[in-house]
Amino acid sequence: MIAEPLINSADTITTKTLEISIGPQHPSTHGVFRMDVVLDGEVVRALKPVVGYLHRNHEQLAEKISWLGSMPYTDRLDYFNSMSNNWAYALAVEKLAGIKVPERAECIRVIMAELSRLQNHASAIGFLLQDCGAWGTPLLYAFKEREKILDFFETVSGSRMMCNYFRFGGVRVDLNDAMLAMARKIVAEFPKFLDEFEKLMTTNEVVLARCQRVGILPRELAIAGSVSGPVARASGVEYDIRKVDKYGIYDRLEFGVPVGRIGDVYDRYYIRVLEMRESVKILQQVLRDIPAGPVQAVEVKLRGFKIPAGDGYGRVEGPKGELGFYLVSEGGPKPYRYHIRPPSFINLTVLEDMCVGHKVADAIIILGSIDIVLGEVDR
Amino acid sequence: MNYPGKGLVEGLAITARNFVGSYFYKDRLTTVQYPEERVQTPENSRTFPFLVFDESPDKPRCTACKICEVECPPKCIYIVMDRDDKGKPLQRPKVFDIDISVCMQCQICVEVCPFESIKMDNDYEKSRYGRFNDLVQRLPDLLKSNAYYNKIKPAEAAEVDAKLKAEAEAKAAKKAAAAAAAAKATAVPPAGSVT
Amino acid sequence: MIPTSEQLCAAVPGVVIEIVPSTLAAAQPAMLVDREHLVAVARYLKNEPSCQFEFCSCVTGVDYLAKGFIEVVYHLYSVALKHGPVILKVRAPRELDQCHVPSLTPVWRGCEFQEREVFDLYGVKFDGHPDLRRILMWNEFTDHPMRKDYVPPADYEWEPTPHDEVLKRAKADGGIMPPSALATEVKK
C-alpha cells in the first residue's frame, strides 16, 4: 500500500538561480578566461565573459619600440599560429609604406601560413574533443602530427612556436632544398593522418550526440556580431579574406572555401576538417613550383626603418578568423598607434547567445568550438 | 553496412591499431625518454645569445657599440664599455649582462650586430634555483669560443668565418694598395726638380 | 559600391563630412563624421542596398594628445557585396567629462566588446551602449592606461629591465632593480 504524500514538494520548494564563475583557472577554458554564468539547475540562463587576465599591454609596448621590434611580440598574440600573426603585421606595414614583396617570399609566406593553419585546426579539434571528455586521444594524435610541423618551423626559423620569421618586404631566411623536402614530406603524410583522425570522430555516436544541435549560431547574428573565420563560415557566411582581399598569391591558387549550414558545434568541427583538406591542396600547389629569387625587398633597412605619416589597416585570414592590424604612423621609427583586431576577442561577443538554454557541459564545448586563444583576446 | 555503434567501433579499432602498432613501428611510438635520451634539435634552433671570441676570451669580437642594447625589444641587455686609466674607450665590453628571464629569444640582436659577435646558442637547460639574479648571464658566462660556435652550428659558422675572412682580406688589400700608392708617390722625384 | 561623401550628405541631412587622407600606399581615406549624425550615417551604410556594410570589422581609439582630441575609428566591410573598407572616424575632446560619442552597438552588435575596450583604455564614453564597463583592466581600476599622458603608478616592486626613462624613474622612486641595471653606473 503506497501512502499518499502529505505535502506536495512542488508547492513548497522554490529554486533560485545560482551565479558561479567558470574559470579563470580551469582545464577547459583554453587559458585564463572566466565566464560568469547564471544557472537554473544545470541550464545556463545568462553568461558574461570576463577577460583581461592575460592583458600584457602589447599595444602600449609597441609605441615604445621600433617597428621591427614589435614583430617578436606578434608571435605571442595567438601563440599557436605565430606565422599568421607575423604575416598580418608585415602586411599592414607593407600596405602603409608601399613595400613590394618578391615572388619567392610570397610563396614561402603561403607555405608557412597554411602549415600554421593545419597545425592550428588539428589542435583545435583535439582540444574540442578533450573538452567533450575524450581524455587526450584525439589531442595527442593531433599533436603527433603537429610535432612534424613544429620541427619544420624550428629548422627554418630557429624556434618552434615563436618564429619571428617574417620581415617587412619578405621573410628572414631562405628555404634550401632540404627544408623544402621536409615540407613536401609533411604535406604528403598529412592526408593519411587526416583520414584516420576523421574516422576516429566524424561518425562517432558520442560526438554526434554531444555536438549536433548544440550552440547554433544563426547567420544574421554571426554577421551582426562581427564573427569571422571558421565559426562564421560554419553558420553560412561565405566570407574568406583570402578570396575577398586576394593578398599574397592567393588569387593564383585554386582552393575551395567550405561553408556550413546549421552552425552548431558539429559544423564548426567539420568545417575545420574540410579547411585542413583545402590547405593541403594549397600547399601541394605552392610546393610544386616555387620560383627562385630573393626573399627580401632590398629597400627595407633593418635599423632606423621609418614609415611616412598616415594610417592603414591590414588584415589576413588567420586560422581563428580575421586578424587585422591598424597602424598610425607619425613618420618616425616607432608606431604612434598600434592596434590589433583580434578574432578570438570579437568571436566571444556571441558566446552568450549560443550558450543560453544549454547545459553547463554544453557551454564548455561551445567555448571550445569557437577556438579562442587568450593571448589574442587580452593582448 | 550500418549497425548501431559503428562509429564507436571504428574509432576503437584505430586506437587499438595505434596501441599495438607502437610496439612494432617506430613512427607510432613517439615518446622520448628524457633525460636519458635527448631529441637532436635542428642546427638553426635558437635559445639564448652568447658572445663569440676568436683566440682568447680577453679579445672578444664585441666592441661594446651598444647597437644590440638599443634594438633589443624587451631591453634585456646591459653593456658598459671598458675604458683605460685615462678614460679612453677600449672597444670592448667591461659589463655585458643579459637577463635571460626577460630575453624572448627573438634573435634581433644577432641580426643587427655589425661585428658578428653575438650569436644564438641552442642550450635549453637553463633552470636555476633563484628567481631574480640567478638568471642573469654575465660576461664570463656569455663568452664562448669560435670553435664552440662551429661545433653547434657548422653551416652558419662557416658562412660567418668566410665573411669575416673576406672582410679582413679586403681590408688588408686596401691597406697594401694605399701603402703602395704612398711609396710610389715618395719614390718618383717631383717634376721639375731635375733640369 | 563605396559611397562618396556627396551621397552621404544627400542621404543624411545636416551631416558634416570631412575626408581625411592617408599615405598614398595605403589608399584608405577615411570619412570624419560629426558626433550628432554618426548613427544616422551608420544606419544608412548598413541598410542602403548599394552599400550593405553589415560587418563592422574593427573599432579603434587613437589619442592625439598634441591636437587635443581622441578619435574613434570604425572599419566597415560588406559580406553580401564583398567590398570595403569604409572607414568612419569620429572625434571627442580629451577632457573626461566631455569625452563621449554615440555608440554603434545598436547598429552592429560586434562593436560591443571593442567599444568597451576603447572606454576602458581611453575613457571615451559610448552613449547608448548596453553594458559599458571595463573589460581588460579590473573593475576597481581608475584612470585610462592607453592615453598618452598616462603616468604609471610608482609601485616598483621589481623592475626587471629598466633602461632610459624607466631607469631614471625607478631610481628616483626608490625601486628595486637588478644589479645589471645598476652596472650602468660602473665608472672605471
Side-chain angles (χ1 to χ4, degrees), chain A residues 61-62 64-66 68-76 129 134 137-138 140-141 143-145 147-148 150-165 167 172-173 176 178-179 182 189 193 195-209 301-304 333, chain B residues 2-19 21-22 27-32 39-49 65-68 70-76 103-114 119-122 124 152-153 155-156 159:
Chain A
L61 277 175
K64 301 186 161 70
I65 52 182
S66 65
L68 184 61
S70 296
M71 186 65 92
Y73 284 110
T74 60
D75 287 334
R76 286 147 171 87
L129 268 287
T137 305
L140 290 175
Y141 285 4
F143 267 34
K144 242 187 359 196
E145 208 60 29
E147 281 299 301
K148 299 184 193 162
L150 293 183
D151 285 342
F152 174 67
F153 285 168
E154 196 178 9
T155 312
V156 171
S157 76
S159 174
R160 285 154 53 96
M161 275 163 69
M162 309 303 167
C163 300
N164 189 19
Y165 182 60
R167 291 286 177 265
R172 183 161 55 85
V173 290
N176 58 27
M179 296 174 189
M182 208 171 161
E189 289 174 353
F193 152 75
D195 290 334
E196 201 183 67
F197 205 47
E198 242 200 297
K199 203 158 182 209
L200 194 58
M201 290 182 296
T202 304
T203 50
N204 190 313
E205 282 77 8
V206 179
V207 170
L208 288 172
K301 293 185 291 180
L302 203 56
R303 302 189 63 213
Chain B
N2 256 337
Y3 50 88
K6 177 169 187 255
L8 274 167
V9 169
E10 283 182 352
L12 284 171
I14 291 180
T15 320
R17 190 169 47 218
N18 266 292
F19 176 60
S22 67
D27 60 331
R28 289 222 188 263
L29 179 68
T30 49
T31 315
V32 169
V39 176
Q40 180 66 28
T41 51
E43 184 191 318
N44 279 342
S45 168
R46 62 178 197 258
T47 54
F48 293 108
C65 67
K66 298 204 185 192
I67 289 182
C68 59
V70 165
E71 295 290 323
C72 173
K75 301 265 187 286
C76 66
C103 169
M104 56 177 185
Q105 303 124 36
C106 63
Q107 208 182 17
I108 287 183
C109 55
V110 173
E111 285 176 59
V112 295
C113 176
K119 297 291 174 194
M120 293 309 269
D121 204 346
N122 60 6
Y124 48 81
I152 55 170
K153 301 196 170 180
E156 198 182 304
E159 250 183 72

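Every value quoted in this text rests on a predicted model; they were computed, and no experiment measured them. Per chain, numbering begins at 1; letters A, B, ... match sequence-line order. The figures here come from the full heavy-atom set of this structure, side chains too, leaving out hydrogens, waters and symmetry mates.
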For the student: nearest non-hydrogen atoms of B:Glu43 and B:Ala155, plus distance: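 Shortest heavy-atom contact: OE2-N, 3.2 Å.
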
B:Ile108 to A:Leu68 - nearest heavy-atom pair and separation: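 So the two residues come closest at CD1-O, 3.9 Å.
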
When you measure from the side chain of [X] to the backbone of [Y], do you find a donor-acceptor pair of N or O atoms at a distance under 3.5 Å?
X	Y	result
B:Arg46	A:Ser157	yes
A:Tyr165	A:Gly158	no
A:Asp75	A:Asn164	yes

Given heavy-atom pairs under 4.5 angstrom as the criterion, report whether the side chain, backbone, both or neither of [X] touches chain B.
X	value
A:Met179	side chain
A:Leu200	both
A:Arg160	neither
A:Ser66	side chain
A:Lys199	both
A:Tyr73	both
A:Val156	backbone

Ion pair A:Glu147/A:Lys144, N-O distance below 4.0 Å: no

Contact origin within B:Glu111 toward chain A - heavy atom pairs under 4.5 Å: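 Backbone plus side chain of B:Glu111, per the 4.5 Å heavy-atom cut-off to chain A.
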
Interatomic distance, B:Ile14 atom CD1 to A:Glu198 atom CD [nearest 0.5 angstrom]: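 With rounding to 0.5 Å, CD1 (B:Ile14) is 10.0 Å from CD (A:Glu198).
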
Specify which of [options] makes the most heavy-atom pairs with chain A at under 4.5 Å.
options	value
B:Thr41, B:Ile67, B:Asn122	B:Ile67
B:Val9, B:Leu12, B:Asn18, B:Thr15	B:Asn18
B:Glu71, B:Met120, B:Glu10	B:Glu71

Over 12 foreign heavy atoms within 6.0 Å of CD, B:Glu159: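 Count not over threshold, so no.
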
